[in-house]
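Data first, discussion second: the structure below is written as structure tokens.
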Amino acid sequence: MKTFPKQKKNSIPRYALYFSVIVLMGFSPFPAFTQQIEKKKQLKRPHWIGLILIDPFSDLPLIHNYWVEQWIRAFQSRYSTRFRIWLERSYRYTPMMKEIFKKQNLPEDLVYLAMIESGFSARAISSAQAVGYWQFIKATASRFGLRETLWLDERRDFEKSTYAASQYLRFLYKQFGDWYLAAAGYNMGEQKLSRLIQKYKTKNFWSLAQKYDFPYETAQYVPQLIAAITIAKAPPLYGFNYLKIKKPYTYEIFYLPGGTNLRLLANYIKEPYKRIKALNPSLLKDHIPRHMESWRTRIPKGSSKKVSQYVSTYLISSLNKNK
């Protein structure tokens, strides 16, 4: 997890008028508040009071305060290269992810949690061995129906892991009744968050985030999310011009029989193996185990006829010979 950028010492009025925000419907940067960050064990956090925007382009409340402003600036500066990659990659996944969240009656902009968690990468692995787009640890993945075997890890599947994340976030919102707390619970775990809520008798994230025993990582997590959403809504206004946008995957579904070698298949249909691998990131091997009767596999759009020929002409006959 990234750390907060250090604040430059300055003297800006605490409650400046946000004329540019009104004009640009919430997209322009916000002036910072005056308190300083002290990164010590006993954190002295600045005020969390901020401007709540009723943004017609977001289905989440976007509160802009000191911490959010610091992350907007960090994404524009020291993390700009990394954030640009995340933005470019986001266009590949957010349409599909938003559709899943919409079907689950969740705010669609919650999909940007995957940006903060993994940068929309199937290969992301944390120090706590959380894996995939939504950074599930084994226990939580199993709890929400994601399978893991020697040849399969569904935490890496962009559809199945997103559906599991939507289920988890819906569960968290039902428990806490607030989307900021749901995001915090996703990061730190609902049990620890519940204990802190009971201890301090508040369900206000910003109040809880000021407490000395509230995890510093989670205190950053929600501001990062808000900053990411803010920039993602209008990248050019924050200096992210000329993005090399990744197009969403296009594919067909084919139930390949067990024993299929994906490298040989890719060679037969004249498609790069990397493309088939990218469409099926949950497969840890380059083949489907023989004990599987069939496996729902994504193949490049327009290739089903060739795949069918490969299966019927080469694969089935080869498997029969080996019996």
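Since the structure is predicted, the reported quantities are computational estimates derived from the model, not experimental observations.
The side-chain heavy atoms of Lys102 and Lys98, taken from C-beta on, include no pair separated by under 4.5 Å. At a threshold of 4.5 Å between non-hydrogen side-chain atoms, the residues Tyr268 and Val307 do not count as touching. For the pair Tyr180/Pro61, a side-chain contact is recorded, criterion being any heavy-atom separation below 4.5 Å from C-beta on. Residues Asn241 and Pro235 form no side-chain contact, since every pair of their non-hydrogen atoms from C-beta on lies 4.5 Å or further apart. At least one side-chain heavy atom of Leu264 sits under 4.5 Å from a side-chain heavy atom of Tyr310. A 4.5 Å side-chain heavy-atom check between Val68 and Gln224 finds every atom pair outside the cut-off. Residues Trp71 and Leu225 are not in side-chain contact: their nearest non-hydrogen atoms beyond the backbone lie 4.5 Å or more apart. Side-chain contact between Leu62 and Lys233 is absent, with no heavy atoms from C-beta onward closer than 4.5 Å.
A donor-acceptor pair under 3.5 Å is absent between the side-chain atoms of Thr260 and the main chain of Leu262, judged by distance alone. Put simply, the side chain of Ser121 never gets that close to the backbone of Ser118: no donor and acceptor are under 3.5 Å apart. Side chain of Ser77 to backbone of Arg73: a donor-acceptor contact under 3.5 angstrom is found. Judged purely by atom type and a 3.5 angstrom limit, Asp153 has no side-chain atom pairing as donor or acceptor with the backbone of Ser282. Using a distance-only test at 3.5 Å, with no hydrogens or angles considered, no donor-acceptor pair links the side chain of Asn267 to the main chain of Lys270. Put simply, the side chain of Ser90 never gets that close to the backbone of Thr94: no donor and acceptor are under 3.5 Å apart.
Interatomic distance, Thr202 OG1 to Leu196 CG, rounded to the nearest 0.5 Å: 11.0 Å. Annotation: the span from Tyr251 atom OH to Arg275 atom CZ amounts to 12.5 Å, rounded to 0.5 Å. Expressed to the nearest 0.5 Å, how far OG1 of Thr81 lies from CZ of Arg84 amounts to 8.0 Å. The distance from the OG1 atom of Thr297 to the CG atom of Leu256 is 4.0 Å, given to the nearest 0.5 Å. Atom-to-atom distance recorded for Gln198:CD and Leu193:CG is 10.0 Å, nearest 0.5 angstrom. The CD1 atom of Ile276 sits 10.5 Å away from the CG atom of Leu283 when rounded to the nearest 0.5 Å.
No path of Ile, Leu, Val, Met, Phe, Trp and Tyr side chains, each step under 4.5 Å between heavy atoms, connects Phe75 with Tyr242, placing them in separate hydrophobic clusters. Met292 and Phe254 fall within a single hydrophobic cluster, where Ile, Leu, Val, Met, Phe, Trp and Tyr side chains are chained together by heavy-atom contacts under 4.5 Å. Residues Ile253 and Tyr249 share a single hydrophobic cluster, defined by chaining ILVMFWY side chains whose heavy atoms lie under 4.5 Å apart. No continuous path of ILVMFWY side-chain contacts below 4.5 Å connects Ile85 to Met97, so the two sit in separate hydrophobic clusters. Residues Tyr112 and Leu243 are members of one and the same hydrophobic cluster, defined by side-chain heavy-atom contacts under 4.5 angstrom among Ile, Leu, Val, Met, Phe, Trp and Tyr.
Taking the six-membered ring wherever Trp is involved, the centroid distance between the rings of Tyr255 and Trp295 does not fall below 6.0 Å. Between Tyr200 and Phe214, the ring centre distance reaches or exceeds 6.0 Å. Under the 6.0 Å cut-off for aromatic ring centres, Trp134 and Tyr168 do not qualify, their centroids lying 6.0 Å or more apart. In this structure, Tyr133 has its ring center under 6.0 Å from that of Tyr93.
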Exercise. Can you check side chain to side chain contact (heavy atoms under 4.5 Å, CB included) on Leu265 and Tyr273, steps first, answer last?
Worked result: CA-CA 8 Å; Leu265 173 64; Tyr273 169 69; over 6 Å; no
Exercise. What's the verdict on side chain to side chain contact (heavy atoms under 4.5 Å, CB included) for Phe158 and Met96, showing C-alpha distance, side-chain angles and the deciding distance?
Worked result: CA-CA 9 Å; Phe158 43 79; Met96 173 272 300; 3.7 Å; yes
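Here the closest non-hydrogen pair linking Asp178 and Leu181 is OD2-N, 2.9 Å. Nearest approach of Pro107 to Phe101, heavy atoms of both residues: O-CD2, 3.6 Å. Shortest non-hydrogen contact noted between His287 and Asn261 is CB-CA, 4.0 Å. Shown here for Ala183 and Leu113, the closest heavy-atom pair between the two residues is CB-CD2, 4.3 Å. Between Pro281 and Ala278, the closest heavy-atom pair is CD-O, 3.3 Å. A pairwise comparison of heavy atoms in Leu279 and Ile299 identifies CD1-C, 3.8 Å as the closest pair.
Looking only at atom types and distance, the side chain of Asp109 has a donor-acceptor partner in the side chain of Ser58 under 3.5 Å away. Counting only N and O atoms by type, the side chains of Glu117 and Tyr221 include a donor and acceptor under 3.5 Å apart. Checked by atom type, the side-chain pair Asn187/Thr218 shows a donor-acceptor distance below 3.5 Å.
More than 12 heavy atoms of other residues, nucleotides or ligands shown are found within 6.0 angstrom of NZ on Lys277.
For Lys199, the salt bridge (charged side-chain N to carboxylate O under 4.0 Å, His left out) criterion is met by Asp213, not counting sequence neighbours. Scanning for side-chain contact (heavy atoms from CB on, under 4.5 Å) contacts around Gln104 gives Leu106, Tyr163, Ser166, Gln167, Arg170, with sequence neighbours left out.
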Solution key, residues 136-150 side-chain donor-acceptor pairs under 3.5 Å, sequence neighbours excluded:
| from | atom 1 | to | atom 2 | distance (Å) |
| --- | --- | --- | --- | --- |
| Arg143 | NH1 | Glu190 | OE2 | 2.9 |
| Arg143 | NH2 | Glu190 | OE2 | 2.7 |
| Arg147 | NE | Glu154 | OE2 | 3.2 |
| Arg147 | NH2 | Glu154 | OE2 | 2.8 |
| Glu148 | OE2 | Arg155 | NH2 | 3.4 |
| Thr149 | OG1 | Trp151 | N | 3.2 |
| Thr149 | OG1 | Trp151 | NE1 | 3.4 |
| Thr149 | OG1 | Leu152 | N | 3.1 |

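Ring geometry, Phe240 versus Phe83: the interplanar angle falls from 30° to 60°, so the pair is classed tilted.
Both tests do not hold together for Arg89 against Phe120: distance to the six-membered ring centre under 6.0 Å, angle to the ring axis within 45°.
Under 4.0 Å is where a charged nitrogen must lie from a carboxylate oxygen, and between Arg298 and Glu159 at least one such pair does.
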